[in-house]
Amino acid sequence: MEKKHQINIWYALIAMMAVLIFQSWWTTYKTVEEIPYSQFEQLLSEKKIEQIAIKENTIEGKFKTPLKDGKIYFVTTRVDLPLAEDLSKYDVKFTGVVQSTFLRDILSWVLPVLLLFGLWAFFIRKFAEKQGIGGMMTVGKSKAKVYVETDVKVRFDNVAGVDEAKRELKEVVDFLKDPKSYGRLGAHVPKGILLVGPPGTGKTLLARAVAGEAGVAYFSISGSEFVEMFVGVGAARVRDLFEQARKAAPAIIFIDELDALGRARSSGGMGTNDEKEQTLNQLLTELDGFDPSSGIILLAATNRPEILDPALLRAGRFDRQVLVDRPDKSGREAILGVHIKKIKLDPSTDLEQIAALTAGFSGADLATLVNEAALLATRRNADAVTLADFNEAVERVIAGLEKRSRILSKKELTTVAFHEMGHALVAANLPGCDPVHKISIIPRGIGALGYTMQRPTEDRFLLSTRDLEDRMAVLMGGRAAEEIVFGEISTGASDDLQKVTEVARDMVMRYGMDPDLGNRVYVTQQRSFLGQPAGDMADVSSQTQREIDDAIKMRVEKAFAEAKDLLNAHRNELDEGARLLLSNETITSDDFPPIRPLAERENSAAAQ
Ligand code: ADP
Ligand code: MG
Ligand code: ZN
C-alpha cells in the first residue's frame, strides 16, 4: 500500500517535468525563428532588425516586423568574423553550428552523484536489514507498526480477577461512549492512565477491553519498538500515532512497555539515548497538546513504574495509575472460569481446587495451564478435561515458572504467612502505628515475598522516640514470628533488618535520641537528595564509635524483644491469622479483626 503510493509520486514528478520541458520548448518554437548567419547579415543590411543580444556562441534579436508566421524573435549561431566576411562575398548561405556539450555536462555532473547515492543507499539498506527494520526509503516517514483495530471483540468479561482495575477503567469507557455529555458538569477524565503490574496479569488485555466496551478504535504500539537506529524516527512515529488517532477519535491509544521508552533520562545507557529522549519529548509534547474532550484516551502499561521518567507521571500526563496485581485465590478462580470456556471440561472439575493449587500464577500462566491440561487430555484420548489433567499440568507449568523463581513451595508460603502476620499483629498492638490495611502472601515485584500494607492515617513530619521504636518493633515482627513458630529464622527478613538498622542508626547518630550519647549529631553530611549512603561519620574517637555501634545494636535487639513479647502474648491470633492468610492469600482487617488498630478495637468493645 505504502510502496505503491511512493511509486505513484515518482511517476507524477516525472510527468510534471516532461510537461515543463515541453512547454518551454513549445513557447520557444512558437516565437523564435532560427536563421542562418548569412540571412542575419542580410537582414541587418536591410535594416529589418530592431535589437540584438550577443552571446558567446549565438546572437539573439528581435525583428522590426514579425515574420509571416508570427515569429518576432530570432536566433543565429555566430561564425567568426574574417570567415564571415570572406563568405559573404560569394553569395552563399551559411551558418554556424554549436557543438552540443549538453550531454557531456550532464553526465559529468549526474553520474558521480548517482553513484554516491547508490552506494549510500546500498549500505544503509544492508545496515537496516541487519537491524531488522525496513529499507531506507521509509526513513523519517513513519512506518510505525501502529496496530489499529476498529472492532475489538474483547470485553471486560474476558478479564477476570482484577475488579479494582476494571472499576477504575469503567469511567474511561463511559467517557469514550459519549465524550460530549460527559464534560457537561465540567468534570474531565484523566488524559493518561498507567496500568502497572507484573507481566502476564492482563494489562494489554484490559486496554483492549476498554476499547471493546466503548466500541472505539484501538491504536497500540509497543515502547520497545521505538528503540530505533535513526534519530528522529521514534518522534515521527509518536506524532503519526496521535495524528491517526485524532482522525479516528474517539479512540484509545495504548503504549505497551512504556518503560522501554520512558526510562528516566539520566539512567539510560549510551548510544540510543538521544533517540529515546527525542521520542520521549515528542510523547510529552503530544500529551500536553491534546485535549481529552476530543475523545482520545491514552493508556500505557509497565511492569517497572519505578524507573519511569518523573516527567511522564506529572499532573496532566500519566497522572492516574491503576494497579493490575497478580490474582489471589478467588481471582484465579474467576480467570480459570474465563479460560475453561474454550475447552471441554469434565463437569466434576472444581475450579476452586485448581485455584488453590496455583498460588502465584498470573493470568497468562493460568491461560497456559488450561491449554496444557487440554493438551494432556487430548493426548490420552479422553472426552473431557479432568482435575487429574490439571494436576499434571500445574506441575508442568510450575516447573517452567520455577526457573524464573516466582512460585513458592508450601513450606515457604507458610513461613511467609507467619512472617507477614507477625508484622501485622505487632503493628495492631502498638498505639503509635499506622493501621494495617491489607496483608498478602502473593509475591509482589522483585525481592518481596509477601507484604503487609500499612496505610498512614495522617501525614507525619515529627516523630517521637516512641513512634520510631514502635516502627522498629513492627519491622522486627516478621522475624520474631518466624523464631517463635519455627524456632529458626530465614533469609526473608533481610530487607526488614536493613530498614530497622537504618532507623536505629538515625536515632542514635542523627536525632540525638540516645541518652548516653547525648544531644549530638554524629554524621557530617546530610543524606544526599538521591538517597545515596549517609554522610561520613564525624571525627569521633574509636571509643565513641564503639559506643555508637553498641547503641544501635541495643536498640535493634530491644525492638526484636518487644516484638517477640507481643507476639507471644498473641500467639493464638498469630496461628489463626497465618492459617487464614494461607488459605485466602490476601486478607484485610475486615477478614481478621485482630489486626485492626488497638484503639479501634477498644472503642468497639466499649460500644458493645
Ligand atoms: P500483560 O500485558 O499484563 O503482560 P496480557 O494482557 O498480555 O498480560 O495477558 C496475556 C494473556 O494472559 C491474555 O491474553 C489472557 O489470555 C491471559 N490473561 C492475563 N490476565 C488475565 C485476566 N485477568 N483474565 C483473563 N485472562 C488473562
Ligand atoms: Mg502486555
Ligand atoms: Zn518482613
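Both ligands and their constituent atoms are indexed starting at 1 by order of listing. For clarity, every value in this text was computed on a predicted model and none was experimentally measured.
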Under 3.5 Å, N or O to N or O, is T201 touching ligand 1 that way? yes
Looking only at side-chain N and O atoms, does [Y] offer a donor or acceptor that is under 3.5 Å from a partner on [X]?
X	Y	result
H339	N371	no
D256	T204	yes
R326	S362	no

Quick one: sort the Y218 and F254 rings into parallel, tilted or perpendicular, breaks at 30° and 60°. parallel
Which residue and atom name correspond to the protein heavy atom nearest [atom], and how close is it?
atom	answer
atom 13 (C) of ligand 1	L205 CD2, 4.1 Å
atom 10 (C) of ligand 1	A364 CB, 4.0 Å
atom 21 (C) of ligand 1	G363 CA, 3.8 Å
atom 22 (C) of ligand 1	A160 O, 3.6 Å
atom 8 (O) of ligand 1	G202 N, 3.2 Å
atom 25 (C) of ligand 1	N158 O, 3.3 Å
atom 2 (O) of ligand 1	T204 OG1, 2.6 Å
atom 4 (O) of ligand 1	G200 N, 2.7 Å

Atoms in ligand 1 flagged as close to [X], the criterion being non-hydrogen separation under 4.0 Å:
X	result
P199	4 (O)
I335	22 (C), 23 (N), 24 (N), 25 (C)
V159	22 (C), 23 (N), 24 (N)

May I ask whether [X] has any heavy atom positioned less than 4.0 angstrom from an atom of ligand 1?
X	result
H339	yes
G161	no
G197	no
A301	no

So, the side chain of D591 versus the backbone of T588: is there a donor-acceptor pair under 3.5 Å, distance only? yes
Looking only at atom types and distance, does a side-chain atom of R155 sit under 3.5 Å from a main-chain N or O of A209, one as donor and one as acceptor? no
Check all N, O or S atoms of H419 and name the one closest to the Zn ion (ligand 3). NE2
Would you mind naming the N, O or S atom of D496 nearest to the Zn ion (ligand 3)? OD2
F242 versus L298: any side-chain heavy-atom pair under 4.5 Å? yes
Find the distance between NZ (K203) and CG (L299) and round it off to the nearest 0.5 Å. 13.0 Å
